[in-house]
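Scroll down for the structure; my scribbles are underneath it.
One-based numbering along the sequence shown. When a ligand or atom number is given, it counts from 1 through the structure's own listing order. These values consider heavy atoms only, across backbone and side chains, with no hydrogens, waters or symmetry-generated copies.
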Amino acid sequence: MAAASQNISKFVQWGRKVVCVGRNYRDHCAELGNAVPTKPMLFMKPASSYLEEDSGPIVVPLGCKDLHHEVELGLVIGSQCKDIKEEDVMSSIAGYALTLDLTARDFQEEAKKKGHPWEMAKCFDTALPVSRFLSKEDISDPQNISLWCKVNGEITQNGNTSDMVFNIPHLVSYISRYFTLQPGDLVLTGTPAGVGPIKEGDIISAGLGDKITMKFNVQHRS
Ligand SMILES: O=C([O-])CC(=O)C(=O)O
Ligand SMILES: [Mg+2]
């Protein structure tokens, strides 16, 4: 098993597509005044938005006055998924990553009002801070693990993946009816309550159970 996950970690280049699920925790829907969806709400991030730890700071996008953190569990796809059945989903997942779905909330609010797409809010450079790859053996139950976020040492988000509206098998099966998922693709599974602002000079840290933590500095764009 250990040898298999070694091989898997080699092909994870953080360069493939990223499918994100929004509004997948009731408490987060409530804090932003959004209805709980009746089917998964999807959007994407580009590979250019990845930010690996120790590769530089989070950079606030030009003109953004309200950049928010959203801590999320990431699923790393291990084998191609097209119309995959829920019962086959877990064996198609290679592993996990801890992620931040950074969101320019002011851009998103404007887009929501105008009925515009969310790319300006979600897809800018450094919008996807990501931990190292975690193998499947690292996380025994991905549907029951805590995830937290701190800004300057103060806890802001403290949730558990057991509170997802749509569980992991349902999410991946649903996504695969519309987008073929390929090895190395990443699925972000939504954020629990407590999203809030980060700004230049802040230090943001996040963790997944007792498995991993990660830390990033925040800088303004010069
Ligand atoms: O921007 C939002 O609030 C939607 C989203 O990504 C989430 O719920 O994780
Ligand atoms: Mg999110």
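Remark: minimum distance from atom 3 (O) of ligand 1 to any protein heavy atom is reached at His28 NE2, 2.8 Å. When only non-hydrogen protein atoms are considered, atom 2 (C) of ligand 1 lies nearest to Glu70 OE2, 3.3 Å. Given atom 8 (O) of ligand 1, the protein heavy atom at minimum distance is Arg23 N, 2.7 Å.
Ligand 1 has at least one atom lying under 4.0 Å from a heavy atom of Val21. Within the 4.0 Å heavy-atom shell around ligand 1 one finds Gly190. At least one heavy atom of Glu72 sits closer than 4.0 Å to an atom of ligand 1. For the pair Phe43 and ligand 1, a heavy-atom separation below 4.0 Å is found. The shortest heavy-atom distance from Arg105 to ligand 1 is under 4.0 Å.
Shortest non-hydrogen contact noted between Ile198 and Ile58 is CD1-CD1, 4.3 Å.
Residue Trp118 places no N or O, backbone or side chain, under 3.5 Å from any N or O of ligand 1.
Under 4.0 Å from ligand 1, not a single heavy atom of Leu188 appears. Neither the backbone nor the side chain of Lys45 has a heavy atom within less than 4.0 Å of ligand 1.
Distances shorter than 2.8 Å separate the Mg ion (ligand 2) from the protein N/O/S atoms Glu70 OE1, Glu72 OE2, Asp101 OD2.
Here atom 6 (O) of ligand 1 lies nearest to Lys122 when heavy atoms of Lys112, Lys122, Gln108, His68 are compared.
Side-chain contact between Leu102 and Phe124: present, with at least one pair of heavy atoms (C-beta onward) separated by less than 4.5 Å.
The contact set between ligand 1 and Leu32, taken as ligand atoms under 4.0 Å from a residue heavy atom, comprises 3 (O).
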